[in-house]
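These notes concern the structure reproduced below.
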Amino acid sequence: MNKKSVRDVEVNGKRVFVRVDFNVPLENGVITDDTRIRETVPTIQYLAERGAKVILASHLGRPKGEVVEELRLTAAAARLTELLGKPVVKADEAIGDAVKAQIAALKDGDVLLLENVRFYAGEEKNDPELAKAFAELADLYVNDAFGAAHRAHASTEGIAHYLPAVSGLLMEKELEVLGKALNNPERPFTAIVGGAKVKDKIAVIEKLIDIADNIIIGGGLSYTFFKSKGYEIGKSLVDNDRLELVKEFERKAKEKGVNFLLPVDIVVGDDFSASANTKVVTVDSIPADWEGFDIGPKTREIYAETIKNSKLVVWNGPMGVFELEPYKNGTEAVANACATTTGYTVIGGGDSAAAVEKFHLGDKMDHISTGGGASLEFMEGKALPGVVALNDK
Ligand SMILES: Nc1ncnc2c1ncn2[C@@H]1O[C@H](COP(=O)(O)OP(=O)(O)OP(=O)(O)O)[C@@H](O)[C@H]1O
Ligand SMILES: O=C(O)[C@H](O)COP(=O)(O)O
């Protein structure tokens, strides 16, 4: 990476503003997946052990510039205290005199967590005044929030203009792993693209056609491809504005010698529910009043075999509605294949990461990205503002 990291700067005795992504799922105030918090521990420990005063900042949810009680970072502070094995001071605000006094009281190695930065309207507007107010709190800026690196906000981008700015260890790891996968992939390289929205995946599929050996398509995306071939797709998800475009993907893949795999059979259901009636049909015989919710057993076999024979697998987006029992098998089969292949497996965050955790296969993957949207944008080849703003080596 051509950006400086915490390893390249002196941190002893410094006040270090560390942007993390503690945007974790919560149910009734309880954190249901603490991965993003756990993954920042190495950076926090690195800084604390070297005598920095660590000031953490994060967003949680989308409070739209107002204080939303349920979106306070209190639970994150408690979880981090457990993970670090030492108290984390929790501020009730993210800027201002009270925060300054709390920071002044910190000793070298202490850790403080600011309140949700999205309680301030200036955060998402990347307001320079808010960025300056954050910068006033510290001597050094560290961005470890890979998950929010695609946002140009005051605490992810703006602040970097007012302080020396370097990456944290998680950010560094994410960029290294994803960058290597895309720039110098081991082959055969298989990319799996699923999920619901064609629109969100267009750029990444286009990019992957240039670099992958196999592209596996699954999930709600598939039906736009089937419709473009003139098949009946029943009530399945479709993007009617992109029928020509997906045809073009297949044509381009063929031209480049890329193996473009679409499902051959489908699990259709009569309802989007756990108690739906389901049946398996071939892709050219979806009944008009049914809806496609998962890939079928033959497809699972083909996909698993392709994954097994790959040296690198990058997966973004589930193969079906894995949240519901009748439609989880396709995603589970792909997750199992990723878990058992000897190839290097990269899970592109978001729903695919949630699926892998649901099937208890997280520790069998080589890298699970903490970024959903960020990993997708990175794979599309877009520059991430939170990275661009950091100091060059
Ligand atoms: N055949 C289908 N019909 C309807 N919904 C589907 C289908 N297959 C998958 N989904 C749904 O797609 C959702 C994920 O879609 P999305 O496009 O947001 O994927 P993603 O890329 O994993 O998201 P993220 O950006 O969080 O990584 C899941 O909730 C899943 O239930
Ligand atoms: O969960 C994420 O993808 C990041 O934390 C960014 O959140 P956002 O989509 O609300 O900006």
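First listed ligand is number 1; within each ligand, the first listed atom is number 1.
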Distance to 0.1 Å, residue and atom name: give those for the protein heavy atom nearest to [atom].
atom                    : answer
atom 14 (C) of ligand 1 : D351 OD2, 3.2 Å
atom 1 (N) of ligand 1  : G292 O, 3.1 Å
atom 18 (O) of ligand 1 : K197 NZ, 3.1 Å
atom 4 (C) of ligand 1  : L237 CD1, 3.6 Å
atom 29 (O) of ligand 1 : E323 OE2, 2.5 Å
atom 11 (C) of ligand 1 : A196 CB, 4.2 Å
atom 7 (C) of ligand 1  : G220 N, 3.4 Å
atom 5 (N) of ligand 1  : V321 CG2, 3.6 Å

For E305, is there an ion pair with K308 - N to carboxylate O distance below 4.0 angstrom?
yes

Charged N to carboxylate O below 4.0 Å: is that the case for E82 and R79?
yes

Is F272 touching ligand 1 with its side chain, its backbone, both, or neither, if touching means heavy atoms under 4.0 Å apart?
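Near ligand 1, F272 shows nothing, with every heavy atom at 4.0 Å or more.
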
Hey, is K201 touching ligand 1 through its side chain, its backbone, both or neither, going by heavy atoms under 4.0 Å?
side chain

Exercise: do S285 and T282 side chains pair donor with acceptor under 3.5 Å:
yes

For R19 and H153: C-alpha separation, side-chain torsions, deciding distance, then whether side chain to side chain donor-acceptor pair (under 3.5 Å) applies.
CA-CA 11 Å; R19 178 56 157 97; H153 294 171; 5.3 Å; no

Decide whether a cation-pi geometry holds between K279 and W290; the criteria are a distance under 6.0 Å from NZ or CZ to the six-membered ring centre and an angle within 45° of the ring axis.
yes

Ligand-side contact atoms (ligand 1) for residue partner [X], heavy atom cut-off under 4.0 Å:
X    : answer
Y223 : 1 (N)
G219 : 1 (N), 8 (N)
G317 : 22 (O)
F293 : 1 (N)

By salt bridge (Lys or Arg N to Asp or Glu O under 4.0 Å), E301 pairs with (sequence neighbours left out) K298

After noting the C-alpha distance and the side-chain angles of E39 and T370, does the key distance pass the side chain to side chain donor-acceptor pair (under 3.5 Å) rule?
CA-CA 8 Å; E39 291 287 326; T370 51; over 6 Å; no

I'd like the residue list for ligand 2, meaning every protein residue with a non-hydrogen atom under 4.0 Å from the ligand.
D21, N23, R36, H59, R62, R118, G147, R151

Distance flag for atom 25 (O) of ligand 1, protein heavy atom under 4.0 Å
no

If you measure from each heavy atom of Y327 to ligand 1, is any distance below 4.0 Å?
no

Does N316 have a heavy atom less than 4.0 Å from any atom of ligand 1?
yes

The test is side chain to side chain donor-acceptor pair (under 3.5 Å); show your working for K364 and N336 and say whether it passes.
CA-CA 9 Å; K364 301 273 191 325; N336 272 318; over 6 Å; no

Using the side-chain contact (heavy atoms from CB on, under 4.5 Å) rule, pick out the option among V142, V16, V18 that qualifies with V54.
V18

Out of G269, S222, G320, whose heavy atom is nearest to atom 9 (C) of ligand 1?
G320

Before we go on, tell me: are the rings of F225 and F260 under 6.0 Å apart, centre to centre?
yes

